[in-house]
Amino acid sequence: MRILKYTSGLLLLLILLSSSLKAQEHADSAMIPGTRLRGFRIGYDLASLALLYFEPQRMIYTVSVDYEAWQDIYPVIEAGYQSVRIEEDKYRYESGGFFARAGLDVNLMQYERPDVYDMIYGGLRYGISNFNHRADDIFIQEDYFGDFVNGSIPESRITAHWISLAGGIRVELFNNFFIGWSVLANLKLAVGDAGNMAPYNIPGFGPGDKKASLVIKYSIEYRIPTQRYHPRKIVKRRSES
Amino acid sequence: MRPDSLLYDSTAGIHMMFFPLPSETDAFTSFVFRTDSLTDTIHIYHSPTQELVSYSCGFTTIHRIESLTYGSNAIDTIAISNPLVSFSENENLEIYVWPAAVADTAK
């Protein structure tokens, strides 16, 4: 939590700094009419690197694509792959599968100029995951009949559905390069038959035995600047308002 | 299969008994119910499956009692009150014995 607090503080500081620098750069230029750049923004979630330290038995790779379809409104698709391998004295567990989340982000920040892309945003996602899991080398201690060894639970393929509330901040560090973090609050809608064991972790959702979960992302992103457009929303200077 | 062994030496005053079931059979497990002069054998047909307790604790075996057969010298009826046998202490079988067997056991 302390890391989160420091990271969010740092990002907020970066947003303020970046806005201030850009304001200075454009101090002498006329504000309106202005244009905005848009294009597909491709991102990669670096938060999974923390798993190497905190949860080395699990690895997840997540990429995202969003696009400012309308001013301040970004349809977004996130997709990824997760693998789990747990080796314990009493069992061995493996799981792997894909996930996708699709939805919208809405920028909540008020800009003084149209060509500012830092964001504080909220959004909604629908998530789906298809994965398999199995357990082998199951050992159960039995005092009366003798220990049970080499048991297994055969592979089963599972599909899970959920919705997520998203919130986050994003800052344009350099032209078209962004970093930011976001939190997804997930609510499970349905999950297929998982056999006699709850999934260790549902790709893109979180712990398999929980109805709700949180996913934290820390992303680096690059926007491919393909188009300029005139934003509809009239943006005013602070001094004019 | 393990050699026979005595699970309960005397059931006088006992209202609950625990019968162990093996994890590696899908056939049946037999228990002999004997008073001083009466003997019955209970065959429990059960299907064991492994189930995850938690990722920290590992797995356990749960059994589904499919059916029962038993003699009727000492035993009147055995009712399956809960066919799912797990590691919790839920009651699974209710064994009713003839009054003569109770008297025999109480001797």
Side-chain angles (χ1 to χ4, degrees), chain A residues 51 54-59 82-96 131-156 158 191-203 205-211 213, chain B residues 1-11 14 16-34 41-66 68 82-90 92-93 95:
Chain A
L51 292 176
F54 292 108
E55 205 178 343
Q57 65 271 31
R58 183 165 72 93
M59 200 59 217
Q82 176 176 279
S83 64
V84 177
R85 186 178 177 88
I86 303 172
E87 303 231 8
E88 295 278 346
D89 293 340
K90 296 177 178 177
Y91 65 90
R92 185 162 51 84
Y93 174 86
E94 287 179 34
S95 172
F131 63 102
N132 59 51
H133 73 165
R134 62 177 296 150
D136 294 294
D137 297 339
I138 294 172
F139 170 88
I140 299 170
Q141 184 178 344
E142 284 189 3
D143 295 333
Y144 191 79
F145 286 102
D147 294 337
F148 174 74
V149 294
N150 292 329
S152 66
I153 292 184
E155 182 173 304
S156 56
I158 305 158
V191 62
D193 182 13
N196 287 336
M197 58 182 176
Y200 174 78
N201 195 289
I202 296 173
F205 173 82
D209 59 343
K210 298 281 194 298
K211 184 78 180 161
S213 67
Chain B
M1 279 297 143
R2 56 158 290 137
D4 292 343
S5 61
L6 192 61
L7 285 174
Y8 290 89
D9 195 2
S10 170
T11 58
I14 291 179
M16 185 174 282
M17 292 185 286
F18 294 92
F19 297 119
L21 295 174
S23 292
E24 287 194 86
T25 180
D26 54 3
F28 63 89
T29 305
S30 300
F31 298 93
V32 177
F33 184 86
R34 187 161 63 201
T41 301
I42 305 169
H43 300 292
I44 301 176
Y45 294 81
H46 58 102
S47 308
T49 51
Q50 279 63 56
E51 184 179 78
L52 181 73
V53 179
S54 71
Y55 284 95
S56 55
C57 294
F59 290 78
T60 187
T61 301
I62 56 169
H63 302 263
R64 171 173 284 279
I65 299 174
E66 307 291 352
L68 291 169
N82 179 7
L84 276 182
V85 182
S86 62
F87 57 90
S88 60
E89 294 186 0
N90 293 328
N92 300 103
L93 301 175
I95 302 175

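Lettering follows sequence order; numbering is per chain, from 1.
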Between [X] and chain B, which part of the residue has a heavy atom less than 4.5 Å away: side chain, backbone, both or neither?
X        : answer
A/Ala198 : backbone
A/Asn150 : neither
A/Tyr200 : both

**Request:** Sort out for me which of B/Gly58, B/Ser54, B/Cys57, B/Pro20 touches chain A most, counting heavy-atom pairs under 4.5 Å.
**Result:**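 Option with the greatest count: B/Pro20.
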**Request:** Quick one: do B/Phe59 and A/Lys90 satisfy side-chain contact (heavy atoms from CB on, under 4.5 Å)? Show the steps, please.
**Result:** CA-CA 8 Å; B/Phe59 290 78; A/Lys90 296 177 178 177; over 6 Å; no
**Item:** Backbone of B/Tyr55 reached by a side-chain donor or acceptor of A/Tyr91 within 3.5 Å
**Value:**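 Confirmed, A/Tyr91 side chain pairs with B/Tyr55 backbone.
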**CD-CD1 distance between B/Glu51 and A/Ile138, expressed to the nearest 0.5 angstrom** =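 Spacing of CD (B/Glu51) from CD1 (A/Ile138) equals 11.0 Å.
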**Message:** Nearest 0.5 Å, please: how far is CZ in A/Phe145 from OG1 in B/Thr29?
**Reply:**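 Rounded to the nearest 0.5 Å, the OG1-CZ separation comes out at 5.0 Å.
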**Item:** Per-residue contact mode, B/Thr60 against chain A (heavy atom under 4.5 angstrom)
**Value:**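 It is the backbone, since no side chain atom gets that close.
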**Message:** Show the nearest heavy-atom pair for residues A/Met197 and B/Leu52, with the distance to one decimal.
**Reply:**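 Residues A/Met197 and B/Leu52, closest heavy atoms: CB-CB, 3.4 Å.
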**Request:** Would you indicate whether A/Asp89, at its atom CG, is surrounded by more than 12 heavy atoms from other residues, nucleotides or ligands within a distance under 6.0 Å?
**Result:**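 No, because the 6.0 Å sphere around CG of A/Asp89 holds 12 heavy atoms or fewer from other groups.
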